[in-house]
Amino acid sequence: MTKLTDKTERGAGADLISKVSLPGMFALDGSSESMWVDVIHRMDEVYSELLRNETDLERKNAELEEAQTFISSVIASVSDILIACGSDGVIRKVNPAFLSLVGLDEARVIGTRIFDYVIEADRKEAERLMSAGQQGRVLEGDLHFRTAQAREECLAMRCAALFDGRRRRSGAVLTGRPISELRQAYQDLHQAHLELQQAQRRLIEQEKMASLGRLVAGVAHELNNPISFVYANIYTLDRYRKNLVTYLNSVHAGAGDDAIAEQRKRLKIDAILADIAPLLEGTIEGADRVSDIVKNLRRLSFSESGERHTVDLDRVLRNSVQLAIRAKNSRAEVTIDSEPGLFVEAHEGRIHQVVVNLIDNALFAVADRTDGRVHLRAKSTGAMVELLVSDNGPGISDEERSKIFEPFFTTKPVGEGTGLGLWITFTIIQDYDGEISVRNRAGGGAEFQVLLPASPSAV
Ligand SMILES: Nc1ncnc2c1ncn2[C@@H]1O[C@H](COP(=O)(O)OP(=O)(O)O)[C@@H](O)[C@H]1O
Ligand SMILES: [Mg+2]
């Protein structure tokens, strides 16, 4: 295009015409001169118009170029891949993200087909995506592309129809985001989750073993006492037996009355005879005690945890307190105040676990005190049985209170707490449609409240 630059040039041109034409090669009369002046004016006007149009055109051209640069730079900076292709899949435009994915330059890609870059197995899916817009909506799906590194990269694709200036469908625009890394991250997360679950199960097992250990320690203490006095009684009885045998041998050998009387005194036969009955009674009592402990243990551990029986809460409380105190070797004063006839439908071992966990925590809370007190109170509230376990320890801060039922929350030193006790307790109580809550007592210390549905058979 010839360039007419500015108005100065145009002005000079108009002057030139007037200068050249007026003296003229022809002799001009007045009317033809004015005609010429008209023509020159017209030309001048047309010329100005032309210049105006050209300036407009240049401005529009500059705007267009700017818009194009803007769109190109937007497309270039989109990190998702972008492909615009015809209905036949022939690529018309791609963005740098796509070029770097496939490792080719633009000239090599334009004119090829999108199917050339998708793995064979995904061709059908690519065709389905390309049909987008026919139904008037965006289609989504995953496509595996062959990458520059001869690997496969999975991209989450979205495909929309491409329209021409007359709103006729002329192809499709696909955008895609690599999800291989996302998938990998998801898989890693899933794996980590599984491992965490396993670790959690292991910890629960460990907690079970630990509470079993505590139980066994308590039972060992508990058995020690009756067994030791059964032993002592039997040794005494054996001693008595020897004296009695010596004495009877003398009687059977026909010894004289004086000798027999002397032996009876020396061998303390009368005292022995008086002592045998209480000794035997004590021994039987000891054996009964051992048998009771064993029976309690059997109730705790030999039925499936899903099984439910009518459980006497009072008995569980007494049993748990005894075992917990012995196992903890606690100096705290533990008192029980329970109404008789409180029954719940549950597995005795699990109720025992609930009570022992609460007592354990309470004993720990008062361990540093010389006047540590733990009080258990059980009563009926109609449809529910209420158990309160309170202590005069430090209580629980507001911040901790919201977390104590979460698994693994513990404020105890490593090795002393697993943070599972209250969580297991909570789970068991929930299983039995009960509730557990905690508050700080006005006089200091914590109070746990457990509500369990009263056994209908025993109400
Ligand atoms: N009676 C209580 N007094 C004060 N804090 C308590 C009491 N019972 C529980 N807690 C708090 O709740 C936390 C969680 O208890 P728990 O789930 O039994 O786990 P662990 O006893 O292993 O720490 C304890 O570490 C403690 O901070
Ligand atoms: Mg605990």
Side-chain angles (χ1 to χ4, degrees), residues 196-197 199-218 300 316-317 319-337 349-378 386-432 434-452:
L196 210 67
Q197 275 182 332
Q200 191 170 334
R201 271 197 290 275
R202 267 201 304 276
L203 271 163
I204 292 172
E205 276 309 308
Q206 273 172 19
E207 171 73 15
K208 264 195 201 158
M209 293 310 285
S211 64
L212 195 69
R214 288 197 292 270
L215 189 77
V216 168
L300 290 185
V316 174
L317 290 187
N319 210 2
S320 313
V321 166
Q322 217 153 29
L323 294 180
I325 296 178
R326 294 243 191 252
K328 282 239 154 184
N329 231 341
S330 172
R331 336 167 248 170
E333 180 197 346
V334 183
T335 47
I336 306 178
D337 168 12
R350 299 185 86 201
I351 298 297
H352 176 89
Q353 204 175 354
V354 165
V355 178
V356 166
N357 282 343
L358 295 177
I359 299 175
D360 260 1
N361 283 345
L363 288 177
F364 188 92
V366 300
D368 293 339
R369 300 184 66 123
T370 46
D371 63 341
R373 277 192 309 278
V374 174
H375 183 60
L376 283 86
R377 180 165 161 65
E386 181 189 46
L387 168 67
L388 297 169
V389 181
S390 54
D391 60 66
N392 62 344
I396 301 171
S397 72
D398 287 347
E399 199 203 337
E400 282 166 16
R401 198 167 332 144
S402 58
K403 301 196 194 118
I404 56 171
F405 295 107
E406 287 171 13
F408 309 119
F409 176 81
T410 180
T411 53
K412 294 175 190 172
V414 178
E416 295 228 33
T418 58
L420 290 173
L422 285 179
W423 177 62
I424 291 173
T425 301
F426 178 83
T427 317
I428 293 174
I429 292 170
Q430 233 186 5
D431 236 25
Y432 291 135
E435 285 168 33
I436 180 165
S437 58
V438 64
R439 63 177 192 93
N440 282 331
R441 294 166 60 234
E447 179 174 77
F448 282 83
Q449 182 202 43
V450 174
L451 290 169
L452 287 167

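None of these values were measured; they are calculated from a predicted model. Atoms within a ligand are numbered from 1 in the order they appear, just like the ligands themselves. When a residue number appears, it is its place in the shown sequence, counting from 1. No hydrogens, no waters, no symmetry mates; every other heavy atom, side chains included, goes into these values.
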The protein heavy atom nearest to atom 8 (N) of ligand 1 is N361 CB, 3.3 Å
How long is the span from the CH2 atom in W423 to the CD1 atom in I404, to the nearest 0.5 Å?
15.5 Å
Which protein heavy atom lies closest to atom 1 (N) of ligand 1, and at what distance to 0.1 Å?
D391 OD2, 2.9 Å
Nearest non-hydrogen protein atom, atom 11 (C) of ligand 1:
I404 CG2, 3.8 Å
Considering all heavy atoms of both residues, which atom of L317 and which atom of A378 are nearest to each other, and what is their separation?
CD1-CB, 3.8 Å
V366 and R373: which non-hydrogen atoms are nearest, and at how many Å?
CG1-O, 4.0 Å
Under a 4.0 Å N-O cut-off, is there an ion pair linking E447 with R439?
yes
For atom 23 (O) of ligand 1, find the nearest protein heavy atom and state the residue, atom name and distance (0.1 Å precision).
T410 OG1, 2.5 Å
Go through it in stages, so that I can follow the logic: the residues are F448 and L388, the test is side-chain contact (heavy atoms from CB on, under 4.5 Å), and I'd like the CA-CA distance, side-chain angles, deciding distance and then a yes or no.
CA-CA 6 Å; F448 282 83; L388 297 169; over 6 Å; no
Are any of the side-chain nitrogens in D431 or R350 under 4.0 Å away from the carboxylate oxygens of its partner?
yes
Are the side chains of L363 and D391 in contact, using a 4.5 Å heavy-atom criterion?
no
If we ignore angles and hydrogens, is there a donor and acceptor under 3.5 Å between the side chains of H375 and T335?
yes
Indicate yes or no: does an N/O atom of G419 lie under 3.5 Å from an N/O atom of ligand 1?
yes
For ligand 1, which part of T411 has a heavy atom less than 4.0 Å away: the side chain, the backbone, both, or neither?
both
Looking only at heavy atoms, which two atoms of F409 and K403 are closest? And how far apart?
CB-O, 3.4 Å
Mark up the atoms of ligand 1 that fall under 4.0 Å of a heavy atom belonging to I396, in ascending order.
4 (C), 5 (N), 6 (C), 7 (C)
Which residue holds the protein heavy atom closest to atom 17 (O) of ligand 1, what is that atom called, and what is the gap in Å?
L422 N, 2.7 Å
Is it the case that over 12 heavy atoms from other parts of the model lie below 6.0 angstrom from the CD atom of Q197?
yes
closest protein heavy atom to atom 21 (O) of ligand 1 is K412 NZ, 2.6 Å
Under a 4.0 Å heavy-atom limit, does L358 contact ligand 1 with its side chain, its backbone, both, or neither?
neither
Top protein contact for atom 14 (C) of ligand 1, by heavy-atom distance
F409 O, 3.3 Å
If we only consider heavy atoms of F405, is any one of them less than 4.0 Å away from an atom in ligand 1?
no
of all protein heavy atoms, closest to atom 3 (N) of ligand 1 is A365 CB, 3.6 Å
Mind checking whether the Mg ion (ligand 2) has an N, O or S of N357 under 2.8 Å?
no
Show which atoms of ligand 1 fall inside a sub-4.0 Å distance from at least one heavy-atom site of G395.
4 (C)
